[in-house]
Each structure stands twice: as C-alpha cells, then as structure tokens.
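Order of listing sets the numbers, starting from 1, for every ligand and every atom in it.
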Amino acid sequence: MKQFISVKDVSDVNALVKKALAYKADPLVDKALGANKRIGLLFLNPSLRTRLSTQVAAQNLGMEPIVFNVDKEGWALEFTEGAIMNGITVEHIKDAAPILGNYFDVLCIRTFPSLQNREDDYAEKIIHQFIKYAAIPVISLESATLHPLQSLTDLITINESMAQNKQLTNKKPKIVLTWAPHIKPIPQCVANSFSQWMTAWGEADFVITHPEGYELSEEYTNGATITNNQAAALKDADFVYVKNWSSFKEYGKVACTDANWMLTNEKLAQTNNAKVMHCLPVRRNVELSDEILDGTNSLVTKEASNRVWAAQAVLAEILESINNKIK
Ligand code: CP
C-alpha cells in the first residue's frame with residue numbers, strides 16, 4: 001500500500017480486516033516492522049480517538065510517533081498556487097511539506113472541509129498537496145470528504161460482531177446508515193466513507209436513509225438503496241449506523257432539524273435487534289438517545305477501541321511496502 005486516503009487504496013478489503021483482527025489478538029507480533037521509522041501525525045483540526053489510536057498502533061509496530069497540532073502550534077499554511085501571501089497565511093505548503101517528507105517516513109494528516117467551497121473540498125485540495133509535496137506515504141486521519149480509518153474500523157467491528165452472533169453467521173446482513181439531527185453543520189466525510197466502504201465490501205444489503213435535502217454525492221452511494229422513509233429502512237436491520245451530515249446539494253447547509261430522526265429504543269424494536277454504531281464524538285439526546293448509547297445494543301465503545309487495529313493494519317501495509325522498496 002502506497003497511501004491510505006480511500007478504500008481505493010486497498011487491494012483486498014477482507015484481507016485488511018483479517019489483518020486488523022490478527023493484531024487485536026496479538027498486538028506486538030510485528031514490533032520489529034517499524035523499527036527506526038518515524039511517523040508524523042499532523043492535525044489541522046481536533047481529534048481524540050484518531051490521534052491516540054494511531055499513536056498506539058505506531059508504537060505497537062515499533063515506530064516513533066510525533067504529533068503536531070498545526071492548527072494551534074504551527075504557522076498558518078497557504079494552499080493556493082500563485083498566492084500573494086500578504087494576508088494571514090505565513091507558509092506555503094510547497095515549502096513546508098518537503099521538509100516533513102525529510103523528517104518522517106510516513107505522514108498522517110487530519111484536515112476537515114471548509115463546508116464553504118464544495119469544489120475545493122471535493123477535489124481534496126489540501127491532502128493532495130501534502131501527498132504531492134511531501135513525497136512520502138500519506139495516511140488520511142479524516143480529510144475533506146472521507147474518513148477511511150473510521151470506515152475500516154466500522155467494517156472490522158461489523159465482522160467481529162457477526163462472528164460472535166450465531167444468527168448472523170451465513171447471512172447477508174442488513175446495514176442501515178441513518179441521518180441524525182445535530183445543532184450545526186457537520187462534514188459528509190463519515191457518511192461518504194461508510195457508504196464507499198460498504199459498497200466496495202459488497203457483502204451487505206446496504207440502505208441509506210435521510211430527510212429530503214441530505215442526498216450524499218453519488219460518487220460514494222452508487223450501489224446503496226436510498227430512502228427518505230426511516231421506518232421502512234430500519235425494518236429488520238442487523239446494524240444501524242447513526243450519523244449527522246450537512247447538505248451536499250445546498251453545500252454545508254442544515255436542511256432539516258427534525259428531532260424525530262433521532263434513534264430511540266422504540267425505533268430499534270422494529271429492527272432485527274440491531275447493533276447500533278456511531279463514530280463518536282456524539283451529542284447525547286440530540287444525535288443519539290442515552291437509552292441507546294447506554295444500552296446493550298450499542299457498539300460504540302468497541303468500535304472506538306477497534307480504531308487501534310485498523311490503524312495498525314494500515315500502517316503495517318505501508319511499512320511492508322517501504323521495507324520492500326528499501327531491499
Ligand atoms: N471518530 C473520530 O474520528 O474521532 P476523533 O475525531 O476524536 O478522532
């Protein structure tokens with residue numbers, strides 16, 4: 001694997017899931033793989049799980065992780081070609097990224113979308129410039145449109161949960177992504193990414209439900225069943241993935257604030273005793289009710305804990321590719 005910014009960078013999704021679960025069973029088995037390799041984790045936006053799980057994963061592989069909160073401690077970066085830098089930006093990505101490429105063996109970036117300019121966000125202007133100018137393998141820690149480490153974790157958690165539930169063995173699971181209310185505009189990344197991974201995996205009956213106005217980019221939803229009828233979507237579901245996102249069409253806008261879209265135990269009763277997933281952080285009793293989050297059907301803690309194994313599997317693939325190149 002040369003980079004990890006989308007499911008398209010993965011040659012075999014099931015093999016990557018298997019590798020992650022093998023690391024969960026034996027975390028330090030490849031402690032020598034990353035010896036003498038340094039990984040830079042650059043955050044242009046906040047994080048708890050991604051930041052910490054990727055550091056733990058890197059250390060499990062013997063790497064030295066260095067975290068840099070660019071948003072709080074770094075110079076304000078410029079990403080526009082030919083910019084006359086007489087405003088608030090201090091350093092051009094063309095000058096900063098090659099240096100990062102010399103300091104590190106692998107570079108990880110978290111960079112959220114502007115939610116102002118759809119063209120720039122969906123062109124992944126920022127992460128693509130890090131890839132271009134750093135010239136070392138880049139891993140997305142969530143970019144403008146996708147969150148692949150989260151989606152890999154979600155698929156690991158679904159596979160693990162299916163293996164532990166006899167009713168789901170040898171069954172094509174029904175997996176529903178449902179929009180949930182929120183108080184402010186949220187990126188489409190997690191929803192885009194989950195949809196991209198579910199359709200690439202291809203082993204589920206995958207349904208997306210949202211209010212009118214929240215259609216996601218077709219680039220990521222091709223192959224999914226899409227409906228505005230949440231009750232119909234939830235019927236007989238085995239897994240329900242809850243997530244808010246802002247409008248793609250009316251870019252970055254909040255098109256509906258209907259609190260009735262929040263998942264409750266009453267709605268869960270219509271499912272096949274579905275397990276409930278959310279990437280976290282979650283606004284309790286806005287996006288998801290206490291009764292679900294604190295109930296026995298919630299997978300959210302397991303899901304967040306599995307972030308380590310997803311990151312470790314991806315890092316191992318990248319390290320194997322670097323080590324093969326060195327030989
Ligand atoms: N799910 C997730 O990416 O969490 P953080 O934003 O805390 O990293």
Side-chain angles (χ1 to χ4, degrees), residues 4-7 17 20 24 39-60 65-73 106-115 121 124 126-127 130 138-158 160-161 177-180 182-198 220 239-246 263 275-284 286-288 292-293 298-315:
F4 184 73
I5 57 168
S6 147
V7 76
V17 168
K24 183 168 185 169
I39 180 168
L41 293 96
L42 266 64
F43 288 86
L44 283 74
N45 303 96
S47 164
L48 185 151
R49 281 144 290 270
T50 308
R51 172 189 173 129
L52 297 174
S53 62
T54 310
Q55 284 184 83
V56 173
Q59 285 176 337
N60 283 349
I66 294 181
V67 177
F68 183 36
N69 297 311
V70 181
D71 56 340
K72 295 181 187 72
E73 296 149 7
V106 180
L107 189 59
C108 305
I109 313 287
R110 166 161 285 199
T111 172
F112 287 171
S114 65
L115 291 182
D121 288 346
E124 290 285 6
I126 293 182
I127 203 161
F130 274 106
V138 169
I139 295 175
S140 166
L141 301 176
E142 186 170 350
S143 66
T145 62
L146 295 169
H147 194 354
L149 280 174
Q150 180 64 52
S151 307
L152 172 57
T153 309
D154 299 333
L155 189 54
I156 291 164
T157 309
I158 287 168
E160 196 179 31
S161 186
L177 168 64
T178 181
W179 183 90
H182 203 286
I183 59 155
K184 63 176 199 173
I186 297 291
Q188 294 105 35
C189 314
V190 171
N192 283 343
S193 200
F194 187 70
S195 183
Q196 188 195 40
W197 279 71
M198 282 299 113
Y220 303 116
F239 293 89
V240 181
Y241 199 100
V242 179
K243 187 72 187 92
N244 172 268
W245 61 88
S246 58
L263 192 67
K275 296 292 183 192
V276 180
M277 304 176 72
H278 188 286
C279 61
L280 300 180
V282 64
R283 285 183 181 255
R284 280 178 174 252
V286 176
E287 277 184 279
L288 248 179
I292 298 238
L293 282 164
S298 171
L299 285 182
V300 298
T301 305
K302 187 181 268 192
E303 196 181 347
S305 307
N306 281 339
R307 291 292 306 268
V308 172
W309 320 117
Q312 194 163 333
V314 167
L315 276 173

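Partners of Ser151 according to the side-chain contact (heavy atoms from CB on, under 4.5 Å) rule, which considers only residues two or more places apart in sequence or in another chain, are Ser193, Trp197. In this view, Ser114 and Gln116, Asn117, Asp121 satisfy the side-chain contact (heavy atoms from CB on, under 4.5 Å) rule, not counting sequence neighbours. Leu280 pairs by the side-chain contact (heavy atoms from CB on, under 4.5 Å) definition with Arg49, His278, Val282, Val300, Ala304, not counting sequence neighbours.
Contact residues for ligand 1 (protein heavy atom closer than 4.0 angstrom to any ligand atom): Ser47, Leu48, Arg49, Thr50, Arg110, His147, Gln150, Cys279, Leu280, Arg307.
Interatomic distance, CD1 of Ile158 versus CE of Met198, reported as 4.0 Å (0.5 Å rounding). Remark: Gln150 CD to Leu155 CG distance equals 12.0 Å, nearest 0.5 Å.
The only member of Val70, Asn69, Leu41, Asn45 that meets side chain to side chain contact (heavy atoms under 4.5 Å, CB included) when paired with Arg110 is Asn45.
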